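Everything quoted here is computed from the prediction, not taken from an experiment.
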Amino acid sequence: MSALGFSVAELLPHARMGEKLKIGLKALSNDEWLQPNPDLAARHAAFKARDESIQLTEEAHASGAELAAMLGLSGGLAQAAHAHHEDMCLLTRRDDEEFYRLIGAAVAYPTDWRVEDKMRLPLAALHAPIQGYAEQLATGVDRFMAKLKPGPIYGRSNWFIAPTDNLCWIADGTPEQTFAHVTPENAGETLFVRSERQTLRRLPKTGSILFTIGVYVEPLGQLDVGQIAWLAQAMEGLLQGEGDRRGAPHYARALKSYYERISA
């Protein structure tokens, strides 16, 4: 079994619960890197539905070709992401630059963000919406990226509460609107737990860093009581401001009440 697994239930125990942000990386073997047996038809449909989900700069072509060859494919970044469950992003840093920048991305399953808004941005700007990133994580992440050698693979996981089970989730309304239908009685069917399985590795020839994102979604009610208890407790640990960004004020009470009801 992978150190992180490939499902919400397997990823939640490795995600952050407390207030302090942390990288929380785990070493992975090459066999644990990408999900086996991906649903490629779903990948192709998702990319076809949104042409803007693939963005490439000139700098990305050599790294994309290297990645594709590493995976036994021809082409570049787009072909690699079409052939696997994971979305794929490339970051690089020139000798005269201090920070890594996003130079290419193929993201079929975004978690409420748009690729076209993030291209060419450095890491700190990429993560700007995340409460506490600049103060608690930015320096450590930059240091890790600078020291990452070709070969090792590292992974981490996170969690979100979403109003949909769509793998491609870009909110088209305010949190108040999108969670308006959620009640303590129906939370098990109307709230969805979304986990990202993220990995990092350096490409040996170009030196670019590949960041992959594997998305997994389950209805809240499909998790066991212990996992729902974990989520209810984790809601209490969100940093000030982070809960607002996630829309938590509009579903937290329903989630906690749902847990209390099923655990009674």
Are any non-hydrogen side-chain atoms of [X] and [Y] less than 4.5 angstrom apart?
X	Y	answer
Val193	Val217	no
Met88	Phe211	no
Leu231	Tyr259	no
Val115	Lys118	no
Leu67	Leu73	no
Trp33	Leu210	yes
Ile209	Thr92	no
Gln79	Ser74	no

Looking at [atom1] of [X] and [atom2] of [Y], how far apart are the two atoms once the value is rounded to the nearest 0.5 Å?
X	Y	atom1	atom2	value
Asp112	Thr164	CG	OG1	11.5 Å
Thr57	Leu102	OG1	CG	8.0 Å
Arg202	Lys149	CZ	NZ	7.5 Å
Asn186	Glu189	CG	CD	6.5 Å
Ile153	Lys26	CD1	NZ	15.5 Å
Ser195	Leu11	OG	CG	5.0 Å

For [X] and [Y], does a side-chain donor sit closer than 3.5 Å to a side-chain acceptor?
X	Y	result
Arg201	Asn30	yes
Thr111	Glu196	yes
Glu66	Ser63	no
Ser29	Asp31	no

Heavy-atom donor-acceptor pair, [X] side chain to [Y] backbone, under 3.5 Å:
X	Y	answer
Arg93	Phe99	no
His181	Pro163	no
Arg194	Phe160	no
Arg246	Ala162	no
Arg114	Ser53	no
Glu32	Ala3	yes
Arg261	Glu185	yes
Gln222	Pro219	no
Glu10	Phe6	yes
Asp39	Ala42	yes

Count the heavy atoms of every other residue, nucleotide or ligand shown that sit under 6.0 Å from [atom1] of [X], and state whether that count exceeds 12.
X	atom1	value
Asn37	CG	no
Arg50	CZ	yes
Glu98	CD	no
Glu176	CD	no
Asp95	CG	no

Can you tell me which residue among Leu4, Thr212, Ile213 is in a side-chain contact (heavy atoms from CB on, under 4.5 Å) with Thr199?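 Of the listed residues Leu4, Thr212, Ile213, the side-chain contact (heavy atoms from CB on, under 4.5 Å) partner of Thr199 is Thr212.
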
Group every Ile, Leu, Val, Met, Phe, Trp and Tyr by side-chain heavy-atom contacts under 4.5 Å, then state whether [X] and [Y] land in the same group.
X	Y	answer
Leu40	Val215	no
Met70	Ile103	yes
Trp169	Trp113	no
Leu191	Ile170	no

Do you know which two heavy atoms are closest between [X] and [Y], and how far apart they sit?
X	Y	answer
Gln227	Leu12	CB-CD1, 4.4 Å
Gly76	Ala68	O-CB, 3.8 Å
Tyr258	Ala187	CB-CB, 3.8 Å
Ile54	Ala78	CD1-CB, 3.8 Å
Pro38	Ala83	CG-O, 3.9 Å
Ala60	Leu90	O-CD1, 3.9 Å

Using 4.0 Å as the upper bound for N to carboxylate O, is an ion pair formed by Asp87 and Arg43? yes

Between Arg101 and Glu97 (salt bridge meaning N to carboxylate O under 4.0 Å), is one present in this structure? yes

Indicate the ring-plane relationship of Phe144 and Tyr154, choosing parallel, tilted or perpendicular according to the 30° and 60° boundaries.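 Perpendicular.
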
Once you measure the plane-to-plane angle for His85 and Tyr109, does it fall in the parallel (<30°), tilted (30-60°) or perpendicular (>60°) bin?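 Plane angle between 30° and 60°, so tilted.
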
Test Arg94 against Glu59 for side-chain contact (heavy atoms from CB on, under 4.5 Å), laying out the working first. CA-CA 10 Å; Arg94 294 192 301 261; Glu59 289 179 283; 3.9 Å; yes

The test is side-chain contact (heavy atoms from CB on, under 4.5 Å); show your working for Trp159 and Trp230 and say whether it passes. CA-CA 11 Å; Trp159 64 273; Trp230 189 97; 3.7 Å; yes

Taking the cut-offs as 6.0 angstrom to the six-membered ring centre and 45 degrees off its axis, would you call Arg197 and Tyr216 a cation-pi pair? no

Please assess His14 against Arg156 for the test side-chain contact (heavy atoms from CB on, under 4.5 Å), listing each intermediate value before the final yes or no. CA-CA 7 Å; His14 303 287; Arg156 67 183 299 274; over 6 Å; no

